[in-house]
Amino acid sequence: MSLIELTVTHVRAIAKAELQIPAGLTLIWGDNGSGKTSLLEAMFLLGRGRSFRTRNSERLITRGQDHLRVIGRIQSHDRVLALGFEVTRAGVAARIAGRSADSLAELSQAFAVQVIEPGVHKLVEEAGYRRRRWMDWAVFHVEPQFVDTWVRYTRALKQRNAALRTQPDHARAWDVELARLGERIAESRRAFMEQLQPYWRESVVALSGLEVQLHYLRGWSAEVTLHESLAASRVRDEARHLTHSGPHRADVSVRIDGRPAREILSRGQQKLVAVAMTVAQLRLLKDLTGTAPTLLLDDPAAELDGERLRRFIEQVLLLRSQLVVTSLTSESRLFGVPDATYNVAQGRVQHV
Ligand SMILES: Nc1ncnc2c1ncn2[C@@H]1O[C@H](COP(=O)(O)OP(=O)(O)O)[C@@H](O)[C@H]1O
Ligand SMILES: [Mg+2]
């Protein structure tokens with residue numbers, strides 16, 4: 001699976017750009033503030049339906065415009081698929097092969113894309129939300145029906161929480177459905193995290209030289225079923241109008257000698273650990289599904305140096321992914337000689 005063509009309209013400083021993207025390595029270079037990261041955001045939008053820099057996609061629309069649009073052509077096996085993604089004040093819309101997509105998950109399925117960017121350390125530093133999303137994106141590519149289970153779970157959870165607010169007696173009516181779907185989600189995640197372990201151990205040592213443990217926490221106590229846990233926390237749930245157990249509370253704890261990595265590691269070390277999480281995940285995905293997601297690397301030389309950078313490059317090249325790399329200089333050869341080079345200057349994109 002790879003991106004072969006990209007058309008961007010009104011994304012931040014980029015008024016309009018058209019790029020042909022080779023299956024190998026693309027280099028995008030330009031000064032600070034020229035629009036390099038904006039181009040990566042556009043690619044990420046196409047496969048994820050959101051940016052990696054902001055939760056609010058409206059902020060990506062060029063000031064003074066009322067919409068943005070990204071169109072991409074994806075080569076998948078022997079066919080080419082057209083994807084479109086649009087953001088307006090009214091919301092977001094995705095198109096696949098000329099028709100409206102049913103959900104953003106359809107985009108994600110059509111174009112698998114991952115990013116390593118300067119904010120990557122947040123995966124280690126921040127609350128569980130980012131790590132759940134990191135885990136779920138990969139689980140979904142291994143098990144496409146995972147999304148459907150997740151959507152149904154979320155719907156049942158909302159109904160239960162609404163009932164906790166208005167008619168607490170009715171809340172338990174959702175428990176059987178919630179427990180059945182929740183156990184399935186937890187099992188898919190557990191299986192994935194278990195398979196990840198050998199890949200993880202190898203990449204975290206190679207990249208950071210640290211012994212860091214990843215522990216999957218499913219979102220409720222290990223000794224009981226989810227149905228039992230829901231029953232046990234009912235009084236607290238009713239008092240706070242919230243469901244306290246279930247896979248929506250899952251996390252992946254990142255620890256060193258039993259202590260949270262975020263309390264011990266420097267920002268630079270957190271970055272290496274987060275990169276290792278992503279590299280390990282991509283290597284496992286490739287072994288399980290045979291496809292390597294497109295990998296976007298935003299200015300990797302800025303954050304890593306010397307031996308760490310060399311090891312990072314080595315790990316990335318092992319993936320044999322389509323690569324799109326940004327740099328401040330045109331001479332960047334970190335990942336070899338680019339198959340295509342683009343220069344960005346004040347929002348204008350030119351093939352070199
Ligand atoms: N919504 C927007 N409308 C117009 N310009 C924007 C918007 N958001 C950001 N910018 C501008 O886009 C420029 C390019 O940013 P960016 O892609 O981060 O550049 P680079 O990665 O090359 O440093 C910045 O100068 C920023 O001020
Ligand atoms: Mg940038």
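In listed order, ligands and their atoms are each counted from 1. What you see is a predicted model, and the numbers here were worked out from it, not measured in a lab.
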- prompt: Considering only heavy atoms, which protein residues lie less than 4.0 Å from any atom of ligand 1?
  reply: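 Correct list: Arg12, Ala13, Asp31, Asn32, Gly33, Ser34, Gly35, Lys36, Thr37, Ser38, Arg53, Arg59, Ile61, Thr62, Arg63.
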task: In sequence, state the C-alpha distance, the side-chain angles, and the governing distance for Leu19 and Glu5, and then conclude on side chain to side chain contact (heavy atoms under 4.5 Å, CB included).
output: CA-CA 6 Å; Leu19 294 85; Glu5 200 177 279; over 6 Å; no
- prompt: Listing residue and atom name, which protein N/O/S atoms are closer to the Mg ion (ligand 2) than 2.8 Å?
  reply: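 Protein N, O or S atoms closer than 2.8 Å to the Mg ion (ligand 2): Thr37 OG1.
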Salt-bridged, [X] to [Y], with N to O below 4.0 Å?
{"X": "Glu86", "Y": "Arg69", "answer": "yes"}
{"X": "Lys36", "Y": "Asp299", "answer": "no"}
{"X": "Glu187", "Y": "Arg190", "answer": "yes"}
{"X": "Arg201", "Y": "Glu211", "answer": "no"}
{"X": "Lys122", "Y": "Glu126", "answer": "no"}

query: So Asp175 and Arg234, side chain to side chain contact (heavy atoms under 4.5 Å, CB included) or not? Walk me through it.
result: CA-CA 10 Å; Asp175 287 10; Arg234 189 164 294 134; 2.6 Å; yes
- prompt: Looking only at side chains, do Ser203 and Gln315 share a donor and an acceptor under 3.5 Å apart?
  reply: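 No pair is found: no donor N or O on one side chain lies under 3.5 Å from an acceptor on the other.
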task: Answer whether the closest heavy-atom distance between the side chains of Trp29 and Ser332 falls below 4.5 Å.
output: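 Contact flag for Trp29/Ser332 side chains = no.
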